[in-house]
Structures are given as C-alpha cells and as structure tokens.
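Below: the structure, in structure tokens.
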Amino acid sequence: MNSIHRGILPLILALFLAAPAAGAAESQGTFEVRIKDHREAIGDFSQLTLTVGELLISPKPGLKFWQSGWKGLAPAPEVIDLTKYVGKNSVRIFRGSLNTGAFDAIHLKLKEVSGLLKKGQRNTNIKNTVGPIKIPFEIHPQSETTIVLDLVVLDMSDHPPQGYELGIKGYELYTNGKLVDKVPPGP
C-alpha cells in the first residue's frame with residue numbers, strides 16, 4: 001500500500017464515523033422542565049422543601065406500542081425550597097438534549113415534602129398528591145420544548161383530619177419560547 005492510500009484511509013474512516021454523530025445531533029432537541037407554585041397556601045410557610053426523586057416522561061406509543069413506558073431523566077437540583085418560586089418565578093429541574101419524538105405524559109416523583117410554618121415556626125406534614133399528568137408534547141430537531149409544572153399547596157385543615165396537601169394545579173408548554181398550551185387556561 002503506497003503512502004497516498006495510507007493517508008486517505010484514515011480520512012475516509014473519520015468521515016464515516018463522524019456522519020452518524022452529526023446525524024444524531026440533528027435529530028435531537030432541547031427539553032427543559034421547570035416548577036413553580038400557584039400562590040394558594042404557600043404564604044403559610046417560611047420554608048417548603050421538595051426533594052425530587054425522579055422525573056419521568058412517557059413516549060407516545062404510536063405504532064411501536066410494545067416500546068411504551070416511562071423514560072427517566074436526571075433532575076437537578078434535587079432539593080428545592082418552593083417558597084422561592086411563586087407566581088412567575090420558576091426553578092429549572094431538568095435541561096438536556098433528547099431524541100426527537102412525541103410524548104404524552106410527565107411524572108414528577110417526589111421523595112419528600114416538608115414544610116416549616118410561619119405561624120409558630122413549627123414543622124408540619126404535607127400530603128403529597130403529585131402524580132403523573134397527561135401532557136401531549138413533541139421534541140423537534142434543533143428546537144427547544146419547555147414544560148413549567150404549576151404546583152399548588154392547599155390548606156385542607158377545615159376538613160379534619162386533613163391538613164396541607166401538595167398537588168399539581170396545571171402546566172405551561174412552550175416551544176422555542178412561545179406558549180403553545182396552558183392548563184388551566186388564563187392570563
């Protein structure tokens with residue numbers, strides 16, 4: 001093998017190896033998940049700490065129904081003081097590149113929810129009712145999809161033996177910074 005062939009062979013191999021990597025980057029989009037609180041009873045707390053366990057999204061099964069299931073994402077930060085993220089303020093718990101596709105649900109799994117009440121500066125139990133919610137969304141190539149989960153703390157103490165409960169009030173779905181869906185609808 002002459003020296004010209006020896007120089008061309010590595011170049012050809014490099015091109016073949018780089019082509020799939022370039023194609024993979026083009027078939028991915030950016031996905032971000034944020035959380036905030038809806039202002040109901042959050043004012044009763046000087047601190048309300050959420051410990052995030054898992055963040056899961058469910059691919060829309062379509063024709064490949066046998067491949068349906070939840071895809072796990074690594075949330076960060078894992079511990080959040082929800083009292084700091086009320087109204088329009090939100091905290092990012094995930095941002096990363098994902099393969100394109102259609103999805104139909106998201107599930108924020110919390111390990112622990114604890115609160116410190118302003119009145120009496122005492123700890124209180126908060127029932128976690130956060131579960132999976134149906135949100136149809138898509139991740140497009142070289143595009144950004146953002147979901148803002150709107151959590152809500154409710155004071156149910158006027159219905160003994162209930163106390164405070166944490167749940168999901170709704171969500172906002174953005175594509176490339178533009179609001180495309182909001183539940184519940186409103187300003």
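- Taking 4.5 Å as the limit, some side-chain heavy atom of L166 sits within range of a side-chain heavy atom of L50.
- No side-chain donor-acceptor contact under 3.5 Å links Y174 and D181.
- Residues meeting the side chain to side chain contact (heavy atoms under 4.5 Å, CB included) test with A76, sequence neighbours left out: none.
- The OG1 atom of T146 sits 4.5 Å away from atom CD of E32, with the distance rounded to the nearest 0.5 Å.
- Counting only N and O atoms by type, the side chains of E144 and N176 include no donor and acceptor under 3.5 Å apart.
- The pair K36-E172 meets the salt-bridge criterion, with a side-chain N (NZ, NE, NH1 or NH2) lying under 4.0 Å from an Asp/Glu carboxylate O.
- Here CD1 of I126 is found 9.5 Å from CG of N128. Values are rounded to the nearest 0.5 Å.
- Checked against ring-ring contact (aromatic ring centres under 6.0 Å, His included), F103 has the following partners two or more places apart in sequence or in another chain: F137.
- Within the 4.5 Å cutoff, the side chain of Y171 has no heavy atoms near those of the V148 side chain.
- From I139, atom CD1 reaches atom OG of S97 across 9.5 Å, with rounding to the nearest 0.5 Å.
- Side chain to side chain, D81 and T49 fail the donor-acceptor criterion of an N or O pair below 3.5 Å.
- Looking at R34, its side chain does come within 3.5 Å of a backbone N or O of S90 through a donor-acceptor pair.
- Both I93 and L98 are assigned to one and the same hydrophobic cluster, defined by single-linkage of ILVMFWY side chains at heavy-atom distances under 4.5 Å.
- Rounding to the nearest 0.5 angstrom, the gap separating the NE2 atom in H140 from the OG1 atom in T100 is 9.0 Å.
- Hydrophobic clustering (ILVMFWY, side-chain heavy atoms < 4.5 Å, transitive): V152 and Y164 are in distinct clusters.
- The backbone N or O of E138 sits less than 3.5 Å from a side-chain atom of T145, completing a donor-acceptor pair.
- The list of side-chain hydrogen bond (donor to acceptor under 3.5 Å, both in side chains) pairs with a residue in residues 108-119, not counting sequence neighbours, is empty.
- Looking at heavy atoms from C-beta onward, L151 lies out of side-chain contact with Y85 at the 4.5 angstrom threshold.
- Nearest heavy-atom pair across T83 and L48 is CG2-N, 3.6 Å.
- Between atom CG of residue L116 and atom OG1 of residue T124 there is a gap of 10.0 Å, rounded to the nearest 0.5 Å.
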